[in-house]
Amino acid sequence: MRKLLGFLLLSVAVFSCREPLLDSLPRHAREPNRYARGSGEGEDPQDKPDPDHPQDPEAPEYAPTLYATALHFRDSVNWRQDSLGLADLLFFKEKELVLSLPVSSPPDPERHRIWNGHLWSDSTDGRQTVVYCDGQEQFRFEGEEHLQGFLLLNGDVHTLGQRPGRNGFCYRINGRAVFSSSKGSVLGHPADPEWRGGALTLDGNDVYYCYSLPVTLKDRVDREYHVMKGGEAFKTIPAGTSSALYDLRVHQGKVHRIERRITFLYWIVDEEIIYINTPTSSLLSCKLVRLGDGLAVKGKSGTSGSACINWYWDASAQSVQAVCMASSAQGMLAIAENNWAFADMDTHGLVQSLHLNLPTAPPVPPGMYNLATPTGLFVSAQYTAVALTHGSGNTHLVISNKGLVPYQFNGYFTSVRLE
């Protein structure tokens, strides 16, 4: 943790977050074909890399495999104006397209995920929900659910599915219902980069999740929060405990939550209360994240105009550590142990600068690429990857410890991982 803190503070002192992190001179990128040399079809000349594009650095050999997913639209479709039509889900292993699967309309980037070198996806027709692995059906169940949580444990598939409207959720193992609520709202999101299981938390060999229920108090409607361990109740946080609850997770058997009480922000571990000295009046977001063997609080706070500060706070530092000044609230920060990555984006979602903890990395021209989803930014204890979608053309890029790989398709990246 101390090593990470020193690295982050040094980075803030040495360079502006709106400038490229590295200015090394990489060699020319390989000429990409459609689907990253996948089909042999030609490319549009306007999509060929030019001298202003990032070039491929010399990349050493690394053990993990690079995987990426994307949504691809027909070549005649301008998906930037209308991304709700028919699409295919693409699954890349290194530079090769290994799977192309049709998805229902409108395509949802949260209905697929990479796990141990396989593509897990799900779909629904409103009557049933079906879960697939590499395009092969694994199980199905009655009803429509959006999988807020997904993880594999000892060969079993755990899912946490939110039903549409106010119809509650269901926790399942291999499609079999273990616990359900007719009104509960799940806490957590499938695109949280620091939580592999999304809204499901694996703590040891136990699976936890949290949900809230509306409760009518004397003068208002508040929410009561429930922490579950598998199908059993683990802890309840009564309504009216706080002015706002931002996040709730279980770590090492203890319940951690971030909440505001009037104008003060607190990190509460079971019943231990820790004050977080950040102004809540400018707080834009705040959540718990994994950091090594412990947890930290990651947040965004507004400044003047559209700019904001991305920061983190951990108990050992006892203070907020400013990481980077961002152009807008769309900037994305991911942290894992002593590794980190930050993408500064403007209000239109275009990347202004990248800060990647890599031995070598190409400079990325500002305003040319988009980071379409939070899962397009990946960090682990040792590795970093970012999947960049071109802002106007069809030549997209993945930058990682393994170098730079261009991909050619009409669509956008949805996730990237090194496993």
Side-chain angles (χ1 to χ4, degrees), residues 146 148-149 151 158-163 166-172 178-190 192 194-281 283-291 294-300 312-315 320:
H146 186 276
Q148 300 292 98
L151 61 82
H158 297 247
T159 62
L160 187 63
Q162 186 76 54
R163 303 187 185 106
R166 301 178 181 274
N167 295 320
F169 71 91
C170 187
Y171 167 59
R172 301 176 183 271
V178 176
F179 177 84
S180 65
S181 168
S182 60
K183 296 181 180 180
S185 296
V186 171
L187 276 71
H189 196 273
D192 286 339
E194 285 91 358
W195 296 98
R196 182 76 185 278
L200 288 174
T201 302
L202 181 61
D203 188 47
N205 290 316
D206 297 314
V207 177
Y208 294 86
Y209 53 96
C210 309
Y211 70 96
S212 68
L213 289 172
V215 173
T216 302
L217 301 179
K218 290 183 179 180
D219 55 348
R220 70 186 191 281
V221 176
D222 207 329
R223 302 199 74 83
E224 179 179 83
Y225 295 90
H226 296 261
V227 182
M228 300 292 297
K229 180 180 179 180
E232 304 295 327
F234 187 71
K235 185 170 184 175
T236 298
I237 300 171
T241 303
S242 63
S243 302
L245 189 144
Y246 293 98
D247 204 1
L248 187 60
R249 293 280 181 174
V250 174
H251 180 66
Q252 295 180 351
K254 296 183 178 181
V255 176
H256 296 246
R257 67 185 194 266
I258 305 298
E259 64 181 43
R260 176 170 56 85
R261 297 183 179 181
I262 308 177
T263 59
F264 300 102
L265 191 65
Y266 296 96
W267 180 355
I268 301 176
V269 184
D270 283 343
E271 300 308 319
E272 179 187 1
I273 300 176
I274 306 169
Y275 170 61
I276 301 177
N277 57 334
T278 184
T280 57
S281 59
L283 188 64
L284 301 177
S285 66
C286 184
K287 61 177 58 181
L288 289 158
V289 298
R290 292 188 184 276
L291 193 59
L295 295 181
V297 181
K298 186 178 75 172
K300 297 180 183 180
Y312 78 95
W313 193 99
D314 81 297
V320 170

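As the structure is a computational prediction, the values presented were derived from the model and not from experiment.
Below 30°, between 30° and 60°, or above 60°: for Tyr275 and Phe264 the angle between ring planes is above 60°, a perpendicular geometry. By the 30° and 60° cut-offs, the orientation of the rings of Tyr171 relative to Tyr209 is tilted. The aromatic rings of His251 and His256 sit perpendicular to each other, their planes meeting at more than 60°, with 30° as the lower class boundary.
A heavy-atom distance below 4.5 Å is not found between the side chains of Leu295 and Val269.
In terms of modelled atom types and a separation under 3.5 Å, the side chain of Asp247 and the main chain of Leu288 share a donor-acceptor contact. When atom types are taken as modelled, the side chain of Tyr246 and the backbone of Arg257 share no donor-acceptor pair closer than 3.5 angstrom.
Atom CD in Gln162 sits 11.0 Å away from atom SG in Cys170 (nearest 0.5 Å). Between the CZ atom in Arg260 and the CD1 atom in Ile276 there is a gap of 13.5 Å [rounded to 0.5 Å]. Between Ile237 atom CD1 and Tyr225 atom OH the span is 8.5 Å, to the nearest 0.5 Å. Put simply, CD1 on Ile258 and CG on Leu283 are 10.5 Å apart, with the number rounded to the nearest 0.5 Å. Note that the OG atom of Ser182 and the CZ atom of Arg163 stand 8.0 Å from one another [nearest 0.5 Å]. Atoms CG and CZ, from Asp206 and Phe234 in turn, are 8.5 Å apart once rounded to the nearest 0.5 Å.
Taking both residues in full, the closest heavy atoms of Pro190 and His146 are given as CG-CE1, 4.2 Å, listed atom of the first, atom of the second, then distance. Closest of all the heavy-atom pairs between Val227 and Cys210 is CG2-SG, 4.1 Å. Contact record, Ala239 with Val215: CB-CB, 4.0 Å, taken as the closest heavy-atom pair. Closest of all the heavy-atom pairs between Gln148 and Gly188 is NE2-O, 3.4 Å. Nearest approach of Asn277 to Trp313, heavy atoms of both residues: OD1-NE1, 3.5 Å. Of all heavy-atom pairs between Gly240 and Asp222, the closest is N-OD2, 3.2 Å.
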Please list every donor-acceptor pair under 3.5 Å in which a side-chain atom of residues 196-205 meets a protein atom from a residue at least two apart or in another chain.
from   : atom 1 : to     : atom 2 : distance (Å)
Arg196 : NH2    : Ile114 : O      : 3.2
Arg196 : NH2    : Glu419 : OE2    : 2.8
Thr201 : OG1    : Arg249 : NH1    : 2.8
Asp203 : OD1    : Gln252 : N      : 2.7
Asp203 : OD2    : Gln252 : N      : 3.1
Asp203 : OD2    : Gly253 : N      : 2.8

Please step through side-chain contact (heavy atoms from CB on, under 4.5 Å) for the pair Met228 and Leu160, ending with a clear verdict. CA-CA 12 Å; Met228 300 292 297; Leu160 187 63; over 6 Å; no
May I have the step-by-step check of side-chain contact (heavy atoms from CB on, under 4.5 Å) for Leu187 and Leu245, ending in yes or no? CA-CA 10 Å; Leu187 276 71; Leu245 189 144; 4.0 Å; yes
Salt bridge (Lys or Arg N to Asp or Glu O under 4.0 Å) between Arg223 and Glu259, worked out: CA-CA 13 Å; Arg223 302 199 74 83; Glu259 64 181 43; over 6 Å; no
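Ionic pairing of Glu194 and Lys287 is not present here: no N-O contact between side-chain nitrogen and carboxylate oxygen is shorter than 4.0 angstrom. Lys183 has no carboxylate O lying under 4.0 Å from a charged side-chain N of Glu224, or vice versa, which leaves the two without a salt bridge.
Applying the 6.0 Å contact sphere to CG of Leu217 captures more than 12 heavy atoms from other residues, nucleotides or ligands.
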